[in-house]
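Worth saying up front: this structure is predicted, and the values here are computed from it rather than measured. Just the heavy atoms: all of them, side chains too, but no hydrogens, waters or symmetry mates, feed the values below. Throughout, a chain's letter reflects where its sequence line sits, starting with A, and its residues are numbered from 1.
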Amino acid sequence: MAESEDVNIGIPAPEGASDIIDTEYEIGQDNIEKQFGPFGLDIHNPVFLISGLSVVAFVVYALLAPEQAAEFFGWLRPALTSTFDGFFLMAANIFVIFCLFLIVSPYGSVRLGGADATPDYGYAGWFAMLFAAGMGIGLMFFGVLEPAYYFGTPWGDEPLGAVRPFTEGGALIPENVEAAKRMALAATSYHWALHPWAIYAVVALSLALFSYNKGLPLSIRSAFYPILGERVWGWWGHIVDIVAVFATLFGLATSLGLGAQQANAGLEFVYGIPTSVTVQVILIIGITMLALISVVRGLDGGVKILSEINMVVAIALLLFVIFAAGAVGIFTDFGNTLVAYAQEIVPLSNPFGRVDDGYREGWTAFYWAWWISWSPFVGMFIARVSRGRTVREFLVCVLIIPSLVCIFWMAVFGGTAINDMIANVDVSAVKANVIDAYKPELSLFAMLASLPLASITSTIGIVLVIVFFVTSSDSGSLVIDTITAGGKVDAPIPQRVFWCTFEGLVAIVLLLGGGLVSLQAMVISTGLPFTVVLLVMCWCIFKGLMQEHKHV
Amino acid sequence: MFKRIMAPVDLAHVEGLRPALDCTADLAKHYSVPVVYVGVTSTAPSELAHNPEEFGQKLSAFAAAEAAKHAIETSGHTAIAHDPTIEIDQALMRAIDDTDADLVVMASHVPNVMDHIWPSNGGKLAEYAKCSVMVVRA
C-alpha cells in the first residue's frame, strides 16, 4: 500500500485556494478524437470545422468577386469607423479607466492561478512575448511613419487641428515647428500607449482569470460564464469562438500578405531587389516555415526563444538610433513626449465636439478597431503566459510598462525622423517618402538612411520585420489551435501545423488573386462587435474578481 | 537490480495503457520496489483537472488504486509542461531525475510513418534517458 508521505513525492506545493466555478462541462466533451492512419485528431465540434470552412468561403468569395468584395469591405470599414467613432473612443476610455481602477482597488491582490501560484515565466521572457505577439510588427511599420505623417500632413488630418510646419510650397515655417512636433509625438503615443494595452489587458485578464482561477477551458467563451452560465457551452459560445478564430486567422494572413509586400519594398529600397509577386511569395513561405519550426518546437523551445532574440535585436536597433541621432536630444524628446501625452490624452480621447474628423475617424477609430480585432489572439496569448502574477502586477506590467516603452520607441524613431525633416527640409528622405509622396512601407528605411551605417541597420530592420511576423504567426497559430481544440492545450501536433500552414496558404492565395486589402478591411470591421464583447468582459471580470476576493 | 520504477501515465487514456501498467506492477513485485506514476499536465485547465493541484490528487488516487489492485507500493508525481504537446519528452526526462527512478516502463503505439517526423515519446525517452527504459506496445 502507498504510504501517506510517499504519495506526495514530487507533487508541487498546492497552488493555494481559488474560487473554482462548478460547472457540469468537461473540457473536451464536445471534441472529436480520432486516429486517421498515423494522424491523431482532437478537435472541437463544431468550432474547428465551421471556422475552417468559413475562412475558405471568404477566400473563395474574395477571389470570385474581387470587385464586389473590395467595394463592399472598402465601404464597410470606413463607414463603421466614421459612424461609430464616438463609440470606439468611449469604449477604449472605459477600458483604460477600468484597468487603472483595478490596479488601485483591493481586487488587485487576487493572484492569477490561485493564491499560492508562482509565475510560469520570468520578466524578460514575459515582456518579450508580450511585445512579439501583437505589437512589435506595428512598432516597426508605424514608428517612423505615424509621427512623420502627423507632423507634416498636407491632407487636413492633423490631430486636434494642430498647426502645419510646412507652407504649401514645402518650405519650413520655423515658428510652427515645435508645436507641430509636440502634437505629432503626443498623438502617436496616444495610439500606442495606455489605450491599446488596456484593450489587450481586458481580454487577457478575463481569460487568465476564468481559466487559471475558475477552472474553465482556455477559450474566449469562458469569459462569458458569469453572464451566459451553462449556455456558454452551446451556440453562444461557439459563435464567440468561431468569430475569434476567424478574425485571428484573417488578421494574421492579411497582415502577412501585406507585410510581405512591405518587406519586398524594403528589399528594393536597400538592395534593389525588384518588387515582384515571386519575391513576396518566397517571403511568405519563408516566414511560414520559420513559424512552423517555432510552433513545432513548442512554447518554451520555439516561441519564447524567438521572441527573446527579437527583443534583443530590437533593443540593439533602438540603442543604435539613440546614439546615432544624439542621445541628449532623444531623451529630451522622450521627456517632452511624455509631458505632451499626459497633457493631451484627455482632449485626444474626448469623442465630443471635435473638428479633426480626419484624425479621429481615419486614425484613432481605425486603430481602436484594429487593436480590438486583434485582441482575442493577443489577449489569449498574454493570458497563456501570465499565470502566477497578481492582478495588480499583471496590469502594471501589461499596461503601464509597455505604454512607457511604446512612447519611448515613438520618441526615438519618430523624433529622429521629424528632426531629419526639420534639419534637411529639401533633401530629407523621410519627407520625400511620407509627405511629398506617400510610400508608408519605406518610412523606416528612409529614416535609417539619414543615420550612419544605413545599409547595415536597414538590413537589421528588414530582418526584424520578418522575425516579428514569425513571432505573431507562431503565437497566433497556438491560440487558434487551442480555441479550435475546445480549450485543450495538448492537441496533437498536426493540428498546429495545419493552422500555421493554412495561414500562409491563405496569405499566398490572397496575394496572388487579390483581396488582401478588402479582407483586411473585413477583419478590422469585426472590431465593432468585439468592442461590445470587450465591454461585457469588463463586467464579467469585475464580477469574477469580486467572488474571487470574497471566497479566497 | 532496480530501486524505483517510473511509469508515465496519461490519465485521460488509461484503458490503452493496461498492458504497460500490468507489466509495471509485475516488475515492481518481482524486484520488490516502489512505483512512481508520472502524469504530465499544463497549468491551464484540462479535461482531467481544473488546476495542477487537482491533477495531483487524481494521480495520487490512481496510484493508490494500483497499489490496492497489485499489492505494490506506489506514489504519484505531477510534471508541469507549459506546452504539453511538445514538451512532454523534456518533462518526463526531468521527472526521471526528480523521482530518482532507475527503470522507466511505458506504453507506446505501434510505430508508423509519422514516427520519422515526430518520434514517439517512448522512443525518445529510450534514446536519451540515462536509466533503463522498457517500452510496452499497446
Side-chain angles (χ1 to χ4, degrees), chain A residues 1-3 6-16 18 20-21 26-29 31 35 37-40 113-114 117 120-121 211-218 222 295-304 383-385 387-388 478 481-482 486-496, chain B residues 4 10 12-13 34-36 38-57 59-61 63-68 71-90 94-95 98-100 109 111-118:
Chain A
M1 281 299 291
E3 289 165 25
D6 212 16
V7 168
N8 280 326
I9 281 185
I11 292 182
E15 302 291 309
S18 72
I20 298 278
I21 287 181
E26 279 181 30
I27 295 176
Q29 72 172 33
N31 281 26
Q35 193 75 28
F39 293 101
D120 283 357
Y121 293 97
S211 270
Y212 291 136
N213 294 55
K214 311 286 185 188
L216 301 182
L218 188 60
S222 297
V295 291
V296 168
R297 286 184 56 89
L299 195 50
D300 289 1
V303 181
K304 175 166 162 267
R384 175 120 184 229
V385 295
R387 185 181 169 277
L478 283 186
D481 182 34
T482 305
K488 276 189 171 183
V489 292
D490 58 351
I493 306 177
Q495 273 165 243
R496 57 177 73 183
Chain B
R4 192 190 299 273
D10 178 356
H13 301 100
V35 178
V36 49
V38 172
V40 179
T41 184
S42 78
T43 48
S46 69
E47 56 189 312
L48 290 165
H50 294 105
N51 51 37
E53 189 186 11
E54 190 183 330
F55 184 89
Q57 287 160 2
L59 191 60
S60 296
E66 287 292 302
I72 51 174
E73 190 185 319
T74 67
S75 60
H77 173 87
T78 306
I80 305 278
H82 296 143
D83 188 359
T85 309
I86 305 293
E87 291 158 9
I88 191 163
D89 300 330
Q90 294 99 302
R94 277 198 306 273
D98 293 346
T99 57
D100 201 21
H109 60 262
N112 62 44
V113 60
M114 290 304 283
D115 291 325
H116 294 290
I117 306 171
W118 292 294

Just give me the residue among A:N31, A:I493, A:V385, A:V295 that pairs up with chain B most often, heavy atom to heavy atom, under 4.5 Å.
A:I493
Give me the atom names and distance for the closest heavy-atom approach of A:G298 to B:E87.
C-OE2, 4.2 Å
I need the B:S42 OG to A:R384 CZ distance, nearest 0.5 Å.
7.0 Å
Side chain / backbone / both / neither for A:A491 at chain B, heavy atoms under 4.5 Å:
backbone
All heavy atoms of B:P45 vs all of A:S211, minimum pair found to be CG-O, 3.0 Å
Would you say B:S46 and A:V489 make side-chain contact, with heavy atoms under 4.5 Å?
no
Is the shortest distance from a Lys or Arg side-chain nitrogen in B:D83 or A:R496 to a carboxylate oxygen in the other one below 4.0 Å?
yes
As an exercise, state the distance from CG of A:D490 to CG of B:D10, rounded to the nearest 0.5 Å.
7.5 Å
Once you round to the nearest 0.5 Å, how far does CG of A:D300 lie from CD1 of B:I86?
11.0 Å
